[in-house]
Visitor: 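There's a structure below that I have some questions on.
Only a predicted model underlies this, so the values are computations on that prediction, with no experimental measurement involved. Below, all heavy atoms of this structure are taken into account, side chains as well, without hydrogens, waters or symmetry copies. Numbers here are sequence positions counted from 1. Order of appearance sets the numbers: ligands from 1, and atoms from 1 within every ligand.
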Amino acid sequence: MEWKKDNRTYKILSDAEKGGYGVVAPIAYNIECILAFIRAAEAKRAPLIIQVFPWALTYSDGLLVHAAAKAARDASVPVAIHLDHAQDADLIRHVAATLPFDSIMVDMSHYEMAENLAKTKELVAFCNAHRICTEAEPGRIEGGEDGIADTADLEGALTTPEQVDDFVATGIDFLAPAFGNVHGEYGARGPVLEYDRLAAIRAKLSAGASSSKEASNVRIVLHGTNDFAEDVMKRCIQGGCSKINVNKLVLDDYLVYMKTQAATASLTTFMEEGTKAIQKLMEWQMDVTGSAGKA
Ligand code: 13P
């Protein structure tokens, strides 16, 4: 599929794989987020993948995605727009045909495996017909998120190397394994990750690669990075993760700022200072993931 070489997410992550760094992929909830993400990327000369949850589509009828896509087009560094955790087949078909996404996570992980695979395959073909690349989740990453349909009660299931082959066969471009990572909060114990499992998954992907120059044609996506210490993040990137999904990790200071300043700051100051708080943590993560200076 020749068009994939021009797809922004595909290109950004191919370069990351070759360069051995991770690309920060934060979740945008409002204009402050979009401004902060782009400003951080330009200040750090880093590639960027802006994500939205399906919530943003229904809340703003796609307006936030158009704003993010315009900001991406105008940016002086490579920026892609991605829909994270799209769990509804009708929504995927609708937005793939109507909104400017570069890539979509076809998340059918709430179905049993055979149905997950069948639905993923069909939706990957639909997205590809619209020149949109795709991500999927073999196994099931535990936990839930504000902004994704409530599937938090479903039991998590770690990704097996065998599932990797099945998912690669559906035609996906990016694979989000479950290897101990959890959505939402980790609690006092912190993340307990199975790096051996990640290595086995990467080895499977490499074995299936068609080009000897690249480790694999399918990139690995890291989900569930709340509370990740710098060394944990770096170890995951060394283990082959290229797309680094971050949510509260880069929004924490913004959330604290909002809670403490809402009663006193003027609305314009509130928005500007909030934007700065997000930009600062984004720049930090661009340093941690090694993407700073790569654009
Ligand atoms: P969490 O770290 O909150 O799970 O968010 C990042 C992510 O994986 C979103 O898909």
Visitor: Ignoring hydrogens and geometry, is there a side-chain-to-backbone donor-acceptor pair from Y186 to G224 under 3.5 Å?
Guide: yes

Visitor: Answer yes or no: does an N/O atom from V182 fall short of 3.5 Å to an N/O atom of ligand 1?
Guide: no

Visitor: Which heavy atom of the protein is the closest neighbour of atom 4 (O) of ligand 1, given with residue, atom name and distance?
Guide: E145 OE2, 2.4 Å

Visitor: What is the closest protein heavy atom to atom 8 (O) of ligand 1, and at what distance does it sit?
Guide: G224 N, 2.9 Å

Visitor: Checking T159 side chain against P138 main chain: does a donor-acceptor pair fall under 3.5 Å?
Guide: yes

Visitor: Which of the numbered atoms in ligand 1 are below 4.0 angstrom from a heavy atom of H85?
Guide: 10 (O)

Visitor: Taking only heavy atoms of G184 into account, list the atoms of ligand 1 that are under 4.0 Å away from them.
Guide: 3 (O), 4 (O)

Visitor: Is the backbone N or O of L57 less than 3.5 Å from a side-chain atom of S60, with the two atoms forming a donor-acceptor pair by type?
Guide: no

Visitor: H223 vs H85 aromatic rings, parallel, tilted or perpendicular, using cut-offs 30° and 60°?
Guide: perpendicular

Visitor: I'd like to know if the side chain of K294 and the backbone of G290 have a donor-acceptor N/O pair within less than 3.5 Å.
Guide: yes

Visitor: Which atoms of ligand 1 have any heavy atom of H183 under 4.0 Å away?
Guide: 4 (O), 7 (C), 8 (O), 9 (C), 10 (O)

Visitor: Quick one: does K248 get within less than 4.0 Å of ligand 1, heavy atoms only?
Guide: no

Visitor: Counting from 1, what ligand 1 atoms have a heavy atom of D84 closer than 4.0 Å?
Guide: 9 (C), 10 (O)

Visitor: Under 4.0 Å from ligand 1, counting heavy atoms only, is it the side chain of Q51, its backbone, both or neither?
Guide: neither

Visitor: Does E194 offer a backbone N or O that forms a donor-acceptor pair with the side chain of D196 under 3.5 Å?
Guide: no

Visitor: If you apply the rule salt bridge (Lys or Arg N to Asp or Glu O under 4.0 Å), what do you find for E115 with K119, and how did you get there?
Guide: CA-CA 6 Å; E115 204 171 355; K119 286 188 190 299; 3.6 Å; yes

Visitor: Would a line drawn from the ring center of Y29 to the ring center of Y59 be shorter than 6.0 Å?
Guide: no

Visitor: Does the N or O separation between N226 and ligand 1 drop below 3.5 Å for any pair?
Guide: yes

Visitor: For ligand 1, is any non-hydrogen atom under 4.0 Å from T225's backbone (N, CA, C, O), its side chain (CB onward), both, or neither?
Guide: both

Visitor: Just which atoms of ligand 1 are under 4.0 Å from any heavy atom in H223?
Guide: 8 (O), 10 (O)

